[in-house]
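Before any comments, here is the structure.
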Amino acid sequence: MRFPKIFSALVLLAGLTQAAGAQTCTPKVPASSLIEAPKWQMSINPTLPPQQFVDDKGELQGLNVELAREIAKRICVEPVFLRMDFPPMIPALRSGRFDAINTGLFWTEERSKMLYLVPYAQQAISIYTDPSSSLKLEKFEDLAGRVVGVESATYTERKAREFSTAMEAKGLKPIELRTFTTVTATSAALRAGQLEAALNINETANSLEQKGIAKIWVRDIAGTDITFAFRDKQLAQAAADALTAIRADGTYDKLFDKFGMTKLKATTFAIRGDGPTN
C-alpha cells in the first residue's frame, strides 16, 4: 500500500528536478530580442522534404525542424513553429509578426539588406519531369518555350526568370513559367499534364524521385547558401554561435547525414551581410 506514496514522491522529485533545470537555463538573448519571450517563433512551410515536411501523423519533421530545436536548446528558448506558405513570410517578418524564417531561405544580396541572414547549408536547383514524360533535358536552355512549374516568390523562381531573360537575349524562346504556392501543387499539375517540367531544390527533387513521382534531368543549378532569417541582430548572432557549437560537437554532421542535405564547409557560422539599414 506504500506504492502510491512512493510513486507520488518520485513524480514530485522529477518535477522539482525539471524546474531546477529550467531555472539554471538562462536565455542567451534579451527578452527584447523576441516577440514573446522566452518563445522563439519562426515561420515554416512544411512542404519541402527532407528539409521540412509533415509526417503521416501530422508532426513536423526534417532537417530545419531538428536544427532549430538544437539551436533553441543551446540558447535556452522555446521553439515555436508557425506553419504558413512562403510568399508572405518576408514582409510578415519585417513587420514583426514573428522572430525568424525557417524555410532554407536562399541568400541574396537584396535579402541580406532586409534581414539578418545566417547561412547554415548549401542548396541548388534541379529540373525534373513526370516519370512518364518523353521529354529529355540536358541543360537549362532545353526548357526554352516549355511550360514549367515553380514555387512562387522563391529564389528558384527568380533564377528561372533570370535564365529565361538571358535565353531570350540569345534568340531562344522564353520559358512559360507557372507559379504555385507549394511543391505538392506543382507536382499535381505535373502529373495532370499541365506542365512539361518543374523546378525545385535538389533535395526536394531527390525526395520526389525516390517516391517515383519525378524524374530528375539536371541538378546543381545556381547553387548558393541557404539561411535562417531574423529580424533581430542579437538573436541572429546567438543562433550563429549555437550553430558553431552544434558543428563542433558533431551534431551538425549527424543531422545533415540523416537527412541527406549539403553541408557548409565552414566550421564557424556568422551573419552574412549588413542586415537592415532602417
Side-chain angles (χ1 to χ4, degrees), residues 43-56 58 60-62 64 83-92 101 103-106 108 123-224 226 260-261:
S43 63
I44 191 167
N45 63 330
T47 62
L48 295 171
Q51 189 166 279
Q52 64 251 3
F53 61 97
V54 177
D55 64 16
D56 55 8
L60 281 173
Q61 303 290 346
N64 285 7
R83 303 185 192 185
M84 62 187 294
D85 291 336
F86 177 75
M89 285 188 187
I90 291 177
I101 294 173
T103 65
L105 190 71
F106 279 93
T108 68
Q123 275 184 352
I125 300 167
S126 288
I127 303 171
Y128 59 96
T129 64
D130 185 85
S132 63
S133 173
S134 60
L135 193 62
K136 297 184 183 299
L137 304 166
E138 296 180 355
K139 55 188 182 301
F140 202 94
E141 286 77 7
D142 291 341
L143 294 175
R146 304 288 183 184
V147 181
V148 179
V150 66
E151 287 184 74
S152 61
T154 59
Y155 173 86
T156 304
E157 181 190 0
R158 175 184 296 191
K159 297 307 292 186
R161 294 194 184 281
E162 288 177 4
F163 290 145
S164 183
T165 299
M167 287 158 56
E168 280 191 89
K170 295 178 181 179
L172 298 173
K173 291 182 179 180
I175 301 168
E176 184 180 334
L177 280 175
R178 295 185 183 175
T179 59
F180 301 85
T181 56
T182 66
V183 66
T184 303
T186 308
S187 298
L190 193 63
R191 289 196 302 273
Q194 298 168 2
L195 303 172
E196 293 176 271
L199 306 171
N200 215 308
I201 60 172
N202 285 346
E203 290 81 2
T204 297
N206 290 340
S207 177
L208 295 174
E209 189 170 62
Q210 289 165 9
K211 293 175 182 176
I213 57 178
K215 177 176 176 55
I216 299 172
W217 291 95
V218 185
R219 290 180 169 88
D220 302 325
I221 301 167
T224 191
I226 57 170
M261 299 284 287

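We count residues from 1, following the sequence as given.
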Student check: side-chain heavy atoms of Phe140 and Val218 closer than 4.5 Å: no
State, yes or no, whether a side-chain contact exists between Asn45 and Thr182 at a heavy-atom distance under 4.5 Å. no
Do Thr224 and Tyr155 make a side-chain contact, defined as non-hydrogen atoms from C-beta onward lying under 4.5 Å apart? yes
Contact check, side chains of Gln51 and Glu203, non-hydrogen atoms, under 4.5 Å: no
Okay, side chain of Ser164, backbone of Ala160: is any donor-acceptor separation there less than 3.5 Å? no
Could you state the interatomic distance from OG1 (Thr165) to NZ (Lys170), rounded to the nearest 0.5 Å? 12.0 Å
With no hydrogens and no angle check, is any side-chain donor or acceptor of Asp85 less than 3.5 Å from a backbone partner on Pro87? no
Under a 3.5 Å distance rule, please check whether Arg178 uses its side chain to pair with a backbone N or O of Ala189 as donor and acceptor. no
Give, for atom CG of Asp142 and atom CH2 of Trp217, the distance between the pair rounded to the nearest 0.5 Å. 10.0 Å
Can you give me the closest heavy-atom contact between Pro46 and Leu60, atom names plus distance? CB-CD2, 3.4 Å
Heavy-atom side-chain contact between Thr47 and Phe86 under 4.5 Å: no
Taking Gln61 for the side chain and Asp55 for the main chain, is one N or O donor matched with an acceptor at less than 3.5 Å? no
Would you find a donor on one side and an acceptor on the other, under 3.5 Å apart, between the side chain of Glu157 and the backbone of Ala153? yes
Are Ile201 and Ile226 side-chain neighbours, meaning at least one heavy-atom pair lies under 4.5 Å? no
Can you tell me how far apart CD1 (Ile127) and NZ (Lys215) are? Round to the nearest 0.5 Å. 13.0 Å
Side chains of Tyr128 and Leu190: does their closest heavy-atom pair fall under 4.5 Å? yes
Which heavy atom in Thr103 sits nearest to a heavy atom in Gln52, and how many Å separate them? O-NE2, 3.4 Å
May I ask you to decide if Ala205's main-chain N or O and Asn200's side chain share a donor-acceptor pair within less than 3.5 Å? no
Could you state the interatomic distance from CZ (Arg219) to CG (Asn206), rounded to the nearest 0.5 Å? 5.0 Å
Test item: Thr204 and Phe53 side chains (from C-beta on) under 4.5 Å apart, heavy atoms: no
Which heavy atom of Met89 sits nearest to which heavy atom of Ile44, and what is that distance? CE-C, 3.7 Å
Compare every heavy atom of Leu199 with every heavy atom of Val148, then report the nearest pair and how far apart it is. CG1-CG, 3.8 Å
For Met84 and Ser43, work out which heavy atoms get closest and say how close. SD-CB, 3.6 Å
